[in-house]
Amino acid sequence: MKKILLLFCLITTLTAVSQTEVSDKEAILSVLKSQEKAWNQFDLEGYMQGYWKSDSLKFYGSSGLTNGWQKTLSNYKKSYPTKEHTGTLNFTIDAITKIEENSYHVMGQYHLVRKMGNANGVFLIIFKKIDGEWRIIADMSC
């Protein structure tokens, strides 16, 4: 009887962990969908809502490392000054992997369709749950 009870507890625990991961991944995908929507409406501030609003945010791109939410936003505004520059963004998510409790890394691709020339690349971003919300704390895009 003890073995059956132990097996039941183990299955229940594994099911709960699995459901939590599924819920976390769905929430992370929702943030990414919101970012796509904001970008496609030329709402860079809305796009940045997916990022941790902190001086500790790290963004690593073709021009090197940027520290901080405001500086990252400023760089986006400088690089994408008009709707023609932002075009239409679409993410392809290749993997969402749990790192530890309340943090995941996401590997994927970005596809930017614009009249001035398309841009495609890859990214590795780290999400962390902060104050109950999933936010990007580090982004490496190229």
Side-chain angles (χ1 to χ4, degrees), residues 3-142:
K3 288 181 182 181
I4 292 174
L5 182 59
L6 181 61
L7 181 60
F8 176 76
C9 289
L10 180 62
I11 290 171
T12 302
T13 301
L14 290 175
T15 301
V17 168
S18 176
Q19 289 173 345
T20 299
E21 280 196 39
V22 168
S23 177
D24 289 348
K25 290 177 181 182
E26 288 173 352
I28 288 167
L29 287 172
S30 178
V31 171
L32 293 168
K33 283 292 178 196
S34 293
Q35 284 189 296
E36 282 178 335
K37 183 178 179 181
W39 184 275
N40 294 336
Q41 294 173 347
F42 188 52
D43 177 7
L44 296 178
E45 288 85 1
Y47 176 79
M48 286 296 296
Q49 296 310 303
Y51 288 88
W52 182 29
K53 198 167 190 175
S54 168
D55 290 339
S56 296
L57 170 69
K58 304 285 187 218
F59 184 95
Y60 192 69
S62 60
S63 59
L65 179 64
T66 299
N67 292 300
W69 188 91
Q70 189 61 53
K71 180 67 175 153
T72 301
L73 174 59
S74 295
N75 287 349
Y76 273 125
K77 286 183 174 183
K78 183 178 172 184
S79 298
Y80 302 94
T82 67
K83 175 66 178 145
E84 289 73 32
H85 287 86
T86 57
T88 302
L89 175 66
N90 190 7
F91 292 131
T92 301
I93 305 305
D94 297 317
I96 301 176
T97 307
K98 188 172 186 172
I99 300 170
E100 61 183 16
E101 191 65 30
N102 292 323
S103 63
Y104 288 79
H105 67 74
V106 179
M107 298 172 124
Q109 306 164 45
Y110 64 88
H111 310 282
L112 196 54
V113 177
R114 352 178 249 189
K115 290 180 184 175
M116 63 188 310
N118 297 343
N120 298 295
V122 295
F123 61 83
L124 170 63
I125 53 181
I126 299 175
F127 271 89
K128 185 170 184 168
K129 198 170 200 178
I130 300 170
D131 297 327
E133 302 288 333
W134 287 102
R135 296 288 176 247
I136 298 166
I137 64 167
D139 182 339
M140 184 177 80
S141 297
C142 53

- Can you sort out the partners of Glu101 under salt bridge (Lys or Arg N to Asp or Glu O under 4.0 Å), two or more places apart, ordered by chain and number?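 Glu101 satisfies salt bridge (Lys or Arg N to Asp or Glu O under 4.0 Å) with Lys98 once adjacent residues are dropped.
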- Item | Ser103: side-chain contact (heavy atoms from CB on, under 4.5 Å) partners, not counting sequence neighbours |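 For Ser103, the residues satisfying side-chain contact (heavy atoms from CB on, under 4.5 Å) (neighbours in sequence not counted) are Ile99, Glu100.
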- Query: Run the side chain to side chain contact (heavy atoms under 4.5 Å, CB included) check on Leu29 and Ile96 step by step: do they pass?
  - Reply: CA-CA 9 Å; Leu29 287 172; Ile96 301 176; 3.8 Å; yes
- Message: Check whether Trp134 reaches the backbone of Val31 with its side chain - one donor and one acceptor, N or O, closer than 3.5 Å.
- Response: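 No, the answer is negative, given that no donor and acceptor are paired below the 3.5 Å cut-off.
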Tell me every residue that passes side chain to side chain donor-acceptor pair (under 3.5 Å) with [X], counting only those two or more places apart in sequence or in another chain.
{"X": "Asn102", "value": "none"}
{"X": "Ser74", "value": "none"}
{"X": "Asp94", "value": "Gln109"}
{"X": "Asp139", "value": "Tyr51, Ser141"}

Enumerate donor-acceptor pairs with a distance under 3.5 Å from any side-chain N or O in residues 62-70 to protein atoms, sequence neighbours excluded.
unit_1	atom_1	unit_2	atom_2	d
Thr66	OG1	Asn75	ND2	3.1
Asn67	OD1	Lys58	NZ	2.8
Trp69	NE1	Met48	O	3.0

- Message: Using the rule given for side chain to side chain contact (heavy atoms under 4.5 Å, CB included), can you reason through Thr88 versus Leu112, listing the C-alpha separation, both sets of side-chain angles and the distance that settles it, and then say yes or no?
- Response: CA-CA 5 Å; Thr88 302; Leu112 196 54; 6.0 Å; no
- Message: Could you report the tightest heavy-atom contact between Gly46 and Ala38, atom names first, then the distance?
- Response: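 In terms of heavy atoms, the two residues are closest at C-CB, 3.5 Å.
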- Side chains of His111 and Asn120: do they bring a donor and an acceptor to under 3.5 Å?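 Yes, side-chain donor-acceptor contact under 3.5 Å.
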- Query: Who are the ring pair (Phe, Tyr, Trp, His ring centres under 6.0 Å) partners of Phe127, not counting sequence neighbours?
  - Reply: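 Residues passing ring pair (Phe, Tyr, Trp, His ring centres under 6.0 Å) with Phe127: none at all.
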- Query: Among all residues two or more places apart in sequence or in another chain, which pass the ring pair (Phe, Tyr, Trp, His ring centres under 6.0 Å) test with Phe91?
  - Reply: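 Listed in chain order: Phe123.
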Taking the side chain as every heavy atom from C-beta outward, state whether [X] and [Y] have any pair of such atoms under 4.5 Å apart.
{"X": "Ile137", "Y": "Ile130", "answer": "yes"}
{"X": "Ile93", "Y": "Ile28", "answer": "no"}
{"X": "Phe59", "Y": "Tyr76", "answer": "yes"}
{"X": "Tyr47", "Y": "Tyr80", "answer": "no"}
{"X": "Thr86", "Y": "Leu44", "answer": "yes"}

Enumerate the salt bridge (Lys or Arg N to Asp or Glu O under 4.0 Å) contacts for [range], please, sequence neighbours excluded, ordered by first and then second residue.
{"range": "residues 109-130", "result": "none"}
{"range": "residues 27-43", "result": "Lys33-Glu36"}
{"range": "residues 64-90", "result": "Glu45-Lys77"}

What's the separation between atom [atom1] in [X] and atom [atom2] in [Y], rounded to the nearest 0.5 Å?
{"X": "Tyr110", "Y": "Asn90", "atom1": "OH", "atom2": "CG", "answer": "13.5 Å"}
{"X": "Thr92", "Y": "Leu32", "atom1": "OG1", "atom2": "CG", "answer": "11.5 Å"}
{"X": "Gln49", "Y": "Ile136", "atom1": "CD", "atom2": "CD1", "answer": "11.5 Å"}

- Where do His85 and Phe42 land on the side chain to side chain contact (heavy atoms under 4.5 Å, CB included) test, with the steps shown first? CA-CA 9 Å; His85 287 86; Phe42 188 52; over 6 Å; no
- Item | Neighbour count above 12 (heavy atom, 6.0 Å) for Tyr60 OH |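 12 or below, so no.
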